[in-house]
Amino acid sequence: MAEPIRVVVTGAAGQIAYSLLYMIARGEVFGSDQPLILHLLDIPPMVGVLEGVVMELADCALPLLRQVIPTTDPSVGFKDVSAAFLVGAMPRKEGMERKDLLSANVKIFKAQGQAIENFAKKDIKVLVVGNPANTNAFVCANYAPSIPRENFSAMTRLDQNRATSQIATKLGVPISAVKNIIIWGNHSSTQYPDAGQGKVVINGETKSVADAVNDNAYLQGAFVETVQKRGAAVISARKMSSAMSAAKAACDHMHDWWNGTAPGTFVSMGVCSDGSYNSPKDVIFSFPVVIENKQWKIVQGLNLSDAAKAKLNITAKELQEEKDEALSVLDLSSNL
């Protein structure tokens, strides 16, 4: 059997991690023959809860799980890790603006970036789940200059899963029949869920989603709005943010990054922009990507309508503003 790899989950005592840790430890991300050492990082007030999580992981009797290391110390949390799920962040509560989150989270992700720089493996794959995920990933990468920029990503897979589910339900087909639904831009309400490149298999025949749905008003209206506002709808119903679905999406994201995408299939990841599709450079922007040998590549040459381009510009503007705001907070904190 392979040597164990070390995987860190931050916010390990929280709601998302509660589902996520089980999925990882079962082998759903790194493979059914890949032993794991899990590092569980959280803040000191959560130590008691963390102890309970460690007990539960032990009680699951999971064959792949070789060791669990609970800690509040980032130098222990990130020591020699190959993959990181950065879940821990100041949570968004009902009625809270994303900008309120920024200043609190910038400091958290600066510290985590520094810990990754100093203690993690240089080929670490870092997935930021905690919101605002795109900008948190940008900050984190900024403080780990010796780690390649492409090794930092933000999760928009939850939005892609939400969008794929909406289309599958609309067409009355299984989830597995729908692919290549794209999330562009920010993991926020400005994101652009794009079914225009989507494919669906109906009665053994592959069609474009646009042809199968045959309702452009829906695809440009209710579909987009439902996906954009789904996180808020879950908070409104559950009085807490998405947890189970966020954990599943984090697993999907890292699984594909680790194992690659199937031929002809692309997935959405928030990655460092090279300016593709007229996006601003050096922000973390969600694109369609294909993955091979643990390396993602932005899918090029997709035809976008003028309406789609306008939506991309809106989300790009928000990301640029978030980045500028984060940099100004960082400047302030470095002068303290």
Side-chain angles (χ1 to χ4, degrees), residues 4-30 34-93 101 104-121 124-131 133 136-137 139-140 143-144 155 158 235 238-251 253-254:
I5 58 168
R6 293 176 182 270
V7 178
V8 63
V9 175
T10 72
Q15 283 265 327
I16 294 172
Y18 197 66
S19 295
L20 177 61
L21 288 164
Y22 176 65
M23 294 179 197
I24 296 169
R26 265 189 60 162
E28 291 177 26
V29 179
F30 302 101
Q34 177 59 66
L36 302 165
I37 297 169
L38 277 181
H39 293 219
L40 275 49
L41 181 64
D42 216 315
I43 54 176
M46 301 304 288
V47 163
V49 180
L50 206 51
E51 285 173 6
V53 173
V54 173
M55 286 185 225
E56 286 222 70
L57 281 168
D59 295 349
C60 285
L62 295 156
L64 294 174
L65 192 54
R66 295 297 163 82
Q67 192 182 355
V68 179
I69 301 169
T71 185
T72 61
D73 181 350
S75 68
V76 175
F78 289 98
K79 179 76 174 151
D80 294 332
V81 300
S82 296
F85 294 82
L86 304 189
V87 180
M90 178 75 78
R92 179 175 164 205
K93 297 190 172 71
L101 284 180
N105 282 313
V106 156
K107 296 170 189 110
I108 295 170
F109 285 86
K110 174 182 177 180
Q112 292 185 352
Q114 290 167 330
I116 288 167
E117 172 72 8
N118 292 326
F119 303 108
K121 292 202 160 183
I124 185 174
K125 300 283 182 268
V126 180
L127 167 58
V128 177
V129 176
N131 282 320
N136 288 343
V139 170
C140 199
Y143 284 92
M155 187 171 86
L158 176 52
I235 290 173
R238 233 172 70 89
K239 308 305 173 205
M240 287 187 282
S241 56
S242 306
M244 185 180 6
S245 56
K248 163 66 165 52
C251 288
H253 178 123
M254 189 67 83

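This chain uses plain numbering: 1 for the first residue, then up along the sequence. Values in this document were obtained by computation on a predicted structure and should not be read as measured data.
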### Query
A144 and I116: which non-hydrogen atoms are nearest, and at how many Å?
CB-CG2, 4.3 Å
#### Entry: Straight-line distance of I108 CD1 to I43 CD1, nearest 0.5 Å
8.0 Å
### Message
Return the CZ to CD1 distance between F85 and I16, rounded to the nearest 0.5 Å.
### Response
12.0 Å
### Task
To the nearest 0.5 angstrom, please state how far the CG atom of L158 sits from the OG atom of S242.
5.5 Å
### Query
Do V7 and V29 pass the side-chain contact (heavy atoms from CB on, under 4.5 Å) test, and can you show the C-alpha distance, the side-chain angles, and the key distance before you say yes or no?
CA-CA 11 Å; V7 178; V29 179; over 6 Å; no
### Query
Just wondering, do F78 and N118 contact through their side chains at under 4.5 Å, heavy atoms?
no
### Query
Does the side chain of L62 come within less than 4.5 Å of Y22's, by heavy atoms?
yes
#### Entry: Check: G88 main-chain N/O paired with T10 side-chain donor or acceptor under 3.5 Å
yes
#### Entry: Distance (rounded to the nearest 0.5 Å) between L38 CG and I69 CD1
9.0 Å
### Query
At their closest point, which heavy atom of A17 faces which heavy atom of G11, and how far apart are they?
CB-O, 3.4 Å
### Message
I need the H253 NE2 to C251 SG distance, nearest 0.5 Å.
### Response
11.5 Å
### Query
Do you know the tightest heavy-atom contact between A25 and L65?
CB-CD2, 4.2 Å
### Query
For A243 and R238, which heavy atoms make the closest approach, and how far apart are they?
CB-NH2, 3.7 Å
### Heavy-atom closest pair, residues A13 and D42
N-OD2, 2.8 Å
### Query
Is a side-chain donor or acceptor of N136 paired with a backbone partner of G130 at a separation under 3.5 angstrom?
yes
### Query
In this structure, which one of L21, L36, V54, L50 forms a side chain to side chain contact (heavy atoms under 4.5 Å, CB included) with V68?
V54
### Message
So does N131 get a backbone contact from the side chain of N105, meaning a donor-acceptor N/O pair under 3.5 Å?
### Response
yes
### Query
With no hydrogens and no angle check, do the side chains of T71 and D73 hold a donor and an acceptor under 3.5 Å apart?
no
### Task
Hey, could you give me the CD/CE distance between E28 and M254, rounded to the nearest 0.5 Å?
14.5 Å
### Query
Between H39 (side chain) and G77 (backbone), is there a donor-acceptor pair under 3.5 Å?
yes
### Query
Does a side chain donor of either Y18 or E56 reach within less than 3.5 Å of an acceptor in the other side chain?
yes
### Query
So which heavy atom on L20 is nearest to which on A250, and how close?
CD1-CB, 4.1 Å
### Message
A side-chain contact here means heavy atoms from C-beta on lying under 4.5 Å apart; do V9 and I24 qualify?
### Response
yes
